[in-house]
Amino acid sequence: MSETELTQHDAEPQQLDEDDRLKPEFVRAVLDAVENGDPETARALVEPLHPADIADLFELTPGERRADLAKAITDLLDGDVFAEMNDYVREDLIDALEPHEVADIASELDTDDAVAIIEDMEEDDQRAVLRALDPDDRAAIEEALSYPEESAGRLMQRELIAVPEHWTVGDAIDYLRGHEELTTDFWEIFVVDPAHKPVGTCQLSWILRTPRTVSIGDVMKREQTLIPVDMDQEEVALRFQKYALISAAVVDSGGRLVGMITVDDIVHIISEEAGEDILRLSGAGEGDINEPIAMTVRTRITWLVVNLGTAMLAASVVGAFQGEIGRFALLAVLMPIVSGMGGNAGTQTLAVVVRALATNQLTSSNTLRMIMREFTIAAANGAMLATLIGVGTFLIFGRADLAIVIALAMVINNLIAGLSGVLVPVGLERAGVDPAVSSAVFVTMMTDVMGFFSFLGLATLWGLGG
């Protein structure tokens with residue numbers, strides 16, 4: 001038996017524990033089978049996997065080998081696999097498929113997942129795929145694509161159960177059992193009036209435990225959280241989190257029921273939005289390891305150039321005091337401490353504020369209180385750090401005047417850090433700019449410039465360079 005055959009034999013699915021799947025040995029066995037022209041073995045290895053694991057398998061496969069893997073296991077690439085797949089990986093595979101093949105995949109999915117596949121395609125390819133869909137699916141997807149990106153209209157699915165208020169529980173049960181075309185993935189039934197406006201919801205558990213003769217209107221819950229179709233997906237996620245929702249009705253501008261959003265979609269959105277904010281704070285773009293290199297370079301270099309500009313501004317402040325630095329070299333030794341500590345303090349405040357803005361904890365009604373809170377924290381931290389740096393400077397260099405100057409500069413820069421950590425992201429958010437994208441650059445600029453200026457300016461006024 002050859003080494004490849006031995007590897008494949010050892011990796012037979014029936015001998016694999018769940019934890020062993022997608023380990024390097026397993027991925028190598030699948031790819032070796034594909035390379036050796038043995039799609040049957042590759043398919044046998046992949047078939048037991050969950051759709052999410054098959055999607056991960058493609059992400060673990062080098063880009064140039066994904067098309068061959070897709071051809072080998074074509075019959076396993078259903079809509080559920082594409083719905084779980086990384087956006088960039090999915091785009092690569094979609095590009096390699098014919099429009100009718102993409103249409104077949106999209107027709108298997110709920111509307112929200114089908115839209116996620118089609119929305120990133122080129123316009124010509126989109127039209128070709130839409131033409132290949134049946135009229136009902138095409139109409140639903142075209143309507144979804146008409147809504148703004150990252151809105152509830154793109155996120156919602158149109159497959160839901162809605163019944164009139166005058167029905168009995170028995171009517172609802174008979175309706176569910178008598179129509180095989182209805183969706184099977186739902187947790188509650190929406191109750192609508194004759195204008196198809198939602199008036200309440202009824203959980204499946206209530207229907208199962210209620211006598212058939214009871215009216216739906218008597219058992220339903222009238223209080224509900226309605227999601228406008230144009231609401232941003234981040235705001236939708238916040239509502240799900242705040243009100244502990246499992247699903248919610250989506251309504252159009254006229255208040256009519258047009259779809260629903262379920263919590264499984266929200267989990268993905270929360271993870272995606274949180275990751276985006278963290279990566280944007282560092283200017284690293286989307287941070288996806290499958291993102292094309294050229295796109296990553298463009299994203300990162302933009303903010304690196306901006307950082308370079310702010311660094312030059314800070315350098316110009318230092319240059320203005322080069323005479324004092326030349327006469328008293330200890331200034332050059334200590335000034336990075338002031339700016340560095342201010343930068344760290346600013347970053348701490350910034351992280352708290354950006355999160356508060358993202359979760360709607362910080363609004364116009366409590367902004368002033370947040371400013372005073374962070375100012376108080378900055379003053380307390382600055383005082384403690386000033387005491388430590390002052391004592392340390394005196395013990396090391398034996399200069400009381402130098403110790404006082406650096407202590408005062410530490411307090412000033414911590415106050416600047418606390419204020420800028422709040423005011424910069426709040427100001428950007430009020431101006432309609434995502435504070436997670438650019439706040440860090442400006443806060444760092446403030447703490448660097450003011451750190452150098454306060455320390456060197458106080459040193460000059462004190463006459464340390466004389």
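In this chain, residues are counted from 1 in sequence order. All values below were derived from every heavy atom in this structure, side-chain atoms included, with hydrogens, water molecules and symmetry-related copies excluded.
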Task: Evaluation steps, side chain to side chain contact (heavy atoms under 4.5 Å, CB included), between D113 and Q157 - done: CA-CA 8 Å; D113 292 326; Q157 61 189 65; over 6 Å; no

Open item on the list: Between E429 and L362, is there a side-chain heavy-atom distance shorter than 4.5 Å?
Closed with: no

Open item on the list: Closer than 3.5 angstrom, by distance alone: can the side chain of E374 be matched with the main-chain N or O of L419 as a donor-acceptor pair?
Closed with: no

- [ ] Might you work through the side chain to side chain contact (heavy atoms under 4.5 Å, CB included) test for I412 and L458, ending with a clear yes or no?
- [x] CA-CA 11 Å; I412 293 171; L458 288 170; 4.1 Å; yes

Open item on the list: Nearest 0.5 angstrom please: L93 CG to L77 CG, how far?
Closed with: 7.0 Å

Task: Backbone N/O of T363 and side chain of N366: donor-acceptor pair under 3.5 Å - done: yes

Task: Contact check, side chains of V424 and L350, non-hydrogen atoms, under 4.5 Å - done: no

Open item on the list: Measuring only between side-chain heavy atoms, which start at C-beta, is R127 closer than 4.5 Å to R131?
Closed with: yes

- [ ] State whether a side-chain donor-acceptor pair under 3.5 Å links T262 with D265.
- [x] yes

Open item on the list: Could you report the tightest heavy-atom contact between D448 and S339, atom names first, then the distance?
Closed with: OD1-CB, 3.8 Å

Open item on the list: Counting C-beta onward and ignoring hydrogens, is there a side-chain heavy-atom pair between L155 and I227 closer than 4.5 Å?
Closed with: no

TODO: Under the salt bridge (Lys or Arg N to Asp or Glu O under 4.0 Å) rule, what do E150 and R154 come out as? Steps first, then yes or no, please.
DONE: CA-CA 6 Å; E150 299 188 347; R154 291 285 184 100; over 6 Å; no

- [ ] Give a yes or no on whether the backbone of D92 and the side-chain of R66 come within a donor-acceptor separation of less than 3.5 Å.
- [x] no

TODO: Using atom types as modelled and distance alone, determine if a side-chain donor or acceptor of D78 lies under 3.5 Å from a backbone N or O of V81.
DONE: yes

Task: Donor-acceptor under 3.5 Å (R90 side chain, A55 main chain) - done: no

Task: Distance, nearest 0.5 Å, that separates CG of L357 from CG of L428 - done: 10.0 Å

TODO: Kindly indicate whether the side chain of P39, heavy atoms from C-beta on, has any atom under 4.5 Å from the side chain of K71.
DONE: no

- [ ] State the OG1-CG distance between T376 and N381, to the nearest 0.5 angstrom.
- [x] 11.0 Å

Open item on the list: Could you report the tightest heavy-atom contact between P425 and S420, atom names first, then the distance?
Closed with: CD-O, 3.6 Å

Task: W462 vs I404, side chain to side chain contact (heavy atoms under 4.5 Å, CB included): CA-CA, chis, key distance, verdict - done: CA-CA 10 Å; W462 200 281; I404 293 172; 3.9 Å; yes

TODO: Quick one: pull up CD1 in I54 and CG in L49 and give me the separation to the nearest 0.5 Å.
DONE: 5.5 Å

TODO: Check for a donor-acceptor pair, side chain of Q361 on one end and backbone N or O of R355 on the other, with a separation under 3.5 Å.
DONE: no

TODO: Tell me, yes or no, whether the heavy-atom count around E64 atom CD, taken from other residues, nucleotides or ligands under 6.0 Å, exceeds 12.
DONE: yes

TODO: Kindly say whether V338 contributes a backbone atom to a donor-acceptor pair with the side chain of N413 at under 3.5 angstrom?
DONE: yes

- [ ] First locate atom CG of L464, then atom CG of L330, and finally report the distance between them rounded to the nearest 0.5 Å.
- [x] 9.5 Å

Open item on the list: In the structure I gave you, are the side-chain heavy atoms of I246 and E188 within less than 4.5 Å of one another anywhere?
Closed with: no

Open item on the list: Minimum heavy-atom separation for L257 and A249, please, with both atom names.
Closed with: CD1-CB, 3.5 Å

Open item on the list: On a heavy-atom basis, which atom in F26 and which in L45 lie closest, and how many Å separate them?
Closed with: CZ-O, 3.4 Å

TODO: Mark yes when over 12 heavy atoms from residues, nucleotides or ligands other than Y243 sit less than 6.0 Å from its OH; otherwise mark no.
DONE: no

Open item on the list: Please evaluate residues R28 and D32 with respect to the criterion salt bridge (Lys or Arg N to Asp or Glu O under 4.0 Å), reporting the C-alpha separation (whole Å), side-chain torsions for both, the decisive distance (0.1 Å), and the verdict.
Closed with: CA-CA 6 Å; R28 188 164 54 248; D32 285 346; 5.1 Å; no

Open item on the list: Is the shortest side-chain heavy-atom distance between D56 and D53 below 4.5 Å?
Closed with: yes

Task: Between CD1 on residue I118 and CD on residue E142, distance to nearest 0.5 Å - done: 9.5 Å

TODO: Considering non-hydrogen atoms only, spot the tightest contact between A152 and I261 and give its length.
DONE: CB-CD1, 3.9 Å

Open item on the list: Between R65 and V34, is there a side-chain heavy-atom distance shorter than 4.5 Å?
Closed with: no

Open item on the list: Using a 6.0 Å cut-off, check whether atom CZ of F321 has over 12 heavy atoms from anything other than its own residue.
Closed with: yes

TODO: Evaluate side chain to side chain contact (heavy atoms under 4.5 Å, CB included) for E119 paired with V115, printing each intermediate quantity in order.
DONE: CA-CA 6 Å; E119 64 182 350; V115 169; 4.0 Å; yes

Open item on the list: Has T393 got a side-chain atom pairing as donor or acceptor with G390's backbone, closer than 3.5 angstrom?
Closed with: no

Task: Which atom of A417 lies closest to which atom of G342, heavy atoms considered - done: CB-O, 3.3 Å

Task: E149, CD: over 12 other non-hydrogen atoms inside 6.0 angstrom - done: no

